[in-house]
Amino acid sequence: MAKKQKPFRPKARRPRGFEDRPADAIRSETALIAKAFAVYESFGFEPLQTPAFEYADALGKFLPDEDRPNVGVFALQDDDEQWLSLRYDLTAPLARFVAEHYDALPKPFRRYQAGSVFRNEKPGPGRFREFTQCDADTVGAGGAVADAEMIMVAAEIARAAGLSDGQYAVRVNNRKLLDGILEASGVPNTQAGSVQRLQVLRAIDKLDRLGEDGVEALLGKGREDESGDYTDGAKLDPAGIKAVLGFTTASDPDRQATVATLSGLVGPSDRGRQGVDELAEIDRLLSATGFGPDRVSFDTSVVRGLGYYTGPVFELELLADITDRKGRPVRIGSIGGGGRYDDLVSRFRGQPVPATGFSFGVSRFVSALERMGAVEAAVQPPVLVTVFDRGLLPHYFALASELRAAGIRAEVFTGSGNVTKQLKYADRRGVKLAVLVGSDEHEAGEVTIKDLPLGADMAKAIETNEEWKSARPAQRTVPRDQAAAVIAEMLED
RNA sequence: GCCGCCUUAGCUCAGUUGGUUAGAGCGCCUGCUUGUGGAGCAGGAGGUCCUUGGUUCGAGACCAAGAGGCGGUACCA
């Protein structure tokens, strides 16, 4: 005889960095997405959905290699041996889509999209390996006009989300300015200088956390942190470090003043000049449209991660109602941003295709809104029609249907168990009103409506079970044809 | 990736210098009560003590490796 075999039971567990999302989170996230979509639509953007998987080479250079096979991107081999990757953002797939259908699309092509993106990285607090992004992009429009529009879209979404002006700020910078300054410091604006430029960007990004000294170290030789880990520096010369630090602190609350300051800083570099001109144009368009400095400012410390940005970049930042010592609103953090990425589509086509976009992290935005107390009330739980008598189920369903027709969320108990169990279920669901119809009520053409929170409250004064049972607190019996009206009224308060 | 801390019931945790059958509170289920939530009372289910290997007469406890979790740092298209 074979040994007694244990049945195989899989462990009910979830891969790290992936989340199950509860009802309230889903509701507030879909509500935010709906508001953002409304803004995108109002600006004339069209919806588009691309698939979760793309060919790995279409997404970028993040092919799995022998040394670090699982860094950054989730990849697997198709049955034809081609590498597929889960998208890590919505921008790279858009570039592929536009390149694939280039001739058939109107230019500029303007689309919006929300969807899950996947990053194969170590998850952390508020950081997951799957999360939802919500984007809009304009492909095929150069200059700074489309960028100005994206900035307006970002500010309008903040408003649509329920924030008042002053609770958010769009901060705008331009990659070309830094390119120009680095060029003057001997970092060529070519492939050869790209690693160094990246290191400079990463260093500037840490200004908040490390302060000027730390950033200075990262711009120069490098820096060792408390755990003894060493970060290699950008190895700029002292003059270059000074120029970069001077640039990052050059902005002023007044946009035109900042443009003037920058104009002096970039010197003779063509690229730098271009960057200044673009900011000046953005300012003109924003000002003419009524986007004042309280909503959009120029901020030379804005970096936007790294990678493919080639021109104007911006972040949507949320601000707490409290202010710091200098009277400025406290930053809650960046919940989204965007910028110009002129090289992403041309990767596929070999000819220049300008593009610009905006993207925000949906759950990050929602949790910031929660912290700011700017979320709306949760959905009301349903009215529960309890099942006293299974023979009366047709009546229960008819009653629930009438309640729904009156705009009331209603549910017939579909499980098994006596009324005790059903009321426990109702408690657990947070139900406010339960409808009780036994044969007595049914024959009399009546329904009993029980107010559960009120009943629970009244129960506190009751000592004995007999008293509890005979009191039957917080319920009333009404004629059945008045049920919907009475319930609607009782739900009001 | 690097550094540190942690892992015993659904949850929060106790568990003596290594010693019989691993505990508590809360939660959950059943009954008292086949037409009513709470309280009370009575009963019950639930554990590969994260995994594997080692030390030992004996390991939940000690050692090693791994996994998972948390925090920091790096990275974040």
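Throughout, a chain's letter reflects where its sequence line sits, starting with A, and its residues are numbered from 1.
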Original post:
How does protein reach along nucleotides 31-42 of chain B, written 5' to 3' as B (base within reach of a heavy atom under 4.0 Å), S (only sugar-phosphate), or - (no contact)?
Top reply: --B-BBBBB---
Exercise answer: donor-acceptor pairs, residues 477-487 of chain A side-chain atoms, under 3.5 Å, sequence neighbours excluded:
{"unit_1": "A:Thr477", "atom_1": "OG1", "unit_2": "A:Thr448", "atom_2": "OG1", "d": "2.9"}
{"unit_1": "A:Arg480", "atom_1": "NH2", "unit_2": "A:Glu402", "atom_2": "OE1", "d": "3.4"}
{"unit_1": "A:Arg480", "atom_1": "NH2", "unit_2": "A:Glu402", "atom_2": "OE2", "d": "2.5"}

Original post:
For atom C1', what is the distance between B:A42 and B:U33, given to the nearest Å?
Top reply: 14 Å
**OP:** Any strand is fair game: report the nucleotide pairing with B:U34 by Watson-Crick or G-U wobble, both distances under 3.5 Å, or none.
**Re:** none
Subject >> Is_stacked (A:Tyr88, B:A77) at 5.5 Å, 30 deg >> reply: yes
**OP:** Determine whether any donor atom in the side chain of A:Arg127 lies under 3.5 Å from an acceptor atom in the base of B:C75, or the reverse, and answer yes or no.
**Re:** yes
Original post:
What interatomic distance, in whole Å, is found between C1' of B:U20 and the corresponding atom of B:U12?
Top reply: 29 Å
Original post:
If we take the C1' atom in both B:C3 and B:A59, what is their distance in whole Å?
Top reply: 30 Å
Original post:
To the nearest angstrom, how far is A:Leu218 atom CG from B:C75 atom P?
Top reply: 8 Å
Original post:
With a distance cut-off below 6.0 Å to the six-membered ring centre and an angular limit of 45° from the axis, does A:Arg349 pair with A:Tyr102 as a cation-pi contact?
Top reply: yes
**OP:** Can you tell me the distance, in whole Å, between the CZ atom of A:Arg129 and the C1' atom of B:C75?
**Re:** 15 Å
Subject >> Counterpart base for B:G53, defined by Watson-Crick or G-U wobble contacts under 3.5 Å >> reply: B:C63
Original post:
With A:Asp440, which residues qualify under side-chain contact (heavy atoms from CB on, under 4.5 Å), at least two apart?
Top reply: none
**OP:** Could you work out the separation of B:C70 and B:G53 based on their P atoms and round it to a whole Å?
**Re:** 28 Å
**OP:** Tell me what A:Arg429 touches on the nucleic acid: a base, only sugar-phosphate, or nothing, going by heavy atoms under 4.0 Å.
**Re:** nothing
Subject >> Any donor-acceptor N or O pair under 3.5 Å, side chains A:Tyr309, A:Asp342 >> reply: no
Original post:
Quantified in whole Å, what is the P atom distance between nucleotide B:C13 and nucleotide B:C2?
Top reply: 29 Å
**OP:** Could you tell me whether the phosphate oxygens of B:C28, OP1 or OP2, come under 4.0 Å of any side-chain nitrogen or oxygen in A:Arg428?
**Re:** yes
**OP:** For B:U20, give its Watson-Crick or G-U wobble partner with both distances under 3.5 Å, or none.
**Re:** none
Original post:
What residues form a side-chain contact (heavy atoms from CB on, under 4.5 Å) with A:Gln422, not counting sequence neighbours?
Top reply: A:Thr386, A:Val387, A:Phe413
Original post:
Can you find a side chain N or O atom of A:Lys206 that sits less than 4.0 Å from OP1 or OP2 on B:C75?
Top reply: yes
Subject >> side-chain contact (heavy atoms from CB on, under 4.5 Å) against A:Arg428, all qualifying residues, sequence neighbours excluded >> reply: none
Original post:
Which base, if any, makes a Watson-Crick or G-U wobble pair with B:A14, both distances under 3.5 Å?
Top reply: none
**OP:** Name the nucleic acid region contacted by A:Arg16, choosing base, sugar-phosphate or nothing; use a 4.0 angstrom heavy-atom cut-off, strictly under.
**Re:** sugar-phosphate
**OP:** Using a strict 4.0 Å threshold on nitrogen-to-oxygen distance, state whether A:Glu315 and A:Arg304 make a salt bridge.
**Re:** yes
Original post:
Do NZ/NE/NH1/NH2 and the carboxylate oxygens of A:Glu411 and A:Arg429 come within less than 4.0 Å?
Top reply: yes
Original post:
Using purine N1 to pyrimidine N3 plus N6-O4 or O6-N4 for Watson-Crick, or N1-O2 and O6-N3 for G-U wobble, both under 3.5 Å, which nucleotide pairs with B:G47?
Top reply: none
**OP:** Write down the distance separating the C1' atoms in B:A14 and B:A74, rounded off to the nearest Å.
**Re:** 39 Å
**OP:** Please report, rounded to the nearest Å, how far the C1' atom of B:C75 is from the CZ atom of A:Arg223.
**Re:** 15 Å
Original post:
What does B:C75 pair with, Watson-Crick or G-U, if both distances are under 3.5 Å?
Top reply: none
Original post:
What's the NZ-C1' distance between A:Lys122 and B:G69, to the nearest Å?
Top reply: 11 Å
I'd like a table of donor-acceptor pairs (distance under 3.5 Å, sequence neighbours excluded) in which one partner is a side-chain atom from residues 350-359 of chain A, with atom names and distances.
{"unit_1": "A:Thr356", "atom_1": "OG1", "unit_2": "A:Asp147", "atom_2": "OD1", "d": "2.7"}
{"unit_1": "A:Thr356", "atom_1": "OG1", "unit_2": "A:Gly339", "atom_2": "O", "d": "3.2"}
{"unit_1": "A:Ser359", "atom_1": "OG", "unit_2": "A:Asp135", "atom_2": "OD1", "d": "2.9"}

**OP:** Mind calculating the distance between CG (A:Leu198) and P (B:A74) to the nearest angstrom?
**Re:** 15 Å
**OP:** Round to the nearest Å and state the distance from A:Phe128 atom CZ to B:G69 atom P.
**Re:** 12 Å
**OP:** Could you let me know what B:A39 is paired to, Watson-Crick or G-U wobble, both distances under 3.5 Å, or none if it's on its own?
**Re:** none
Original post:
Please walk me through it: do A:Leu94 and A:Arg111 pass side-chain contact (heavy atoms from CB on, under 4.5 Å)?
Top reply: CA-CA 9 Å; A:Leu94 171 69; A:Arg111 76 86 227 235; 3.6 Å; yes
**OP:** May I have the distance from A:Arg202 (atom CZ) to B:A77 (atom P), rounded to whole angstrom?
**Re:** 10 Å
Original post:
Within the structure shown, what part of the strands sits under 4.0 Å from A:Arg14 by heavy-atom distance: base, sugar-phosphate, or nothing?
Top reply: nothing
Subject >> B:G18 to B:G60 separation - C1' atoms, rounded to the nearest Å >> reply: 10 Å
Subject >> Distance between P atoms of B:C50 and B:A9 (Å, rounded) >> reply: 8 Å
**OP:** Report yes if at least one side-chain N or O of A:Arg209 is closer than 4.0 Å to OP1 or OP2 of B:A74; otherwise report no.
**Re:** yes
Original post:
Taking atom P of B:U73 as reference, at what distance in whole Å does atom CD of A:Glu121 sit?
Top reply: 16 Å
**OP:** Under a 3.5 Å limit for both distances, which nucleotide forms a Watson-Crick or G-U wobble pair with B:A9, could you say?
**Re:** none
**OP:** Among B:A77, B:C75, B:C28, find the nucleotide with the atom closest to the side chain of A:Thr231.
**Re:** B:C75
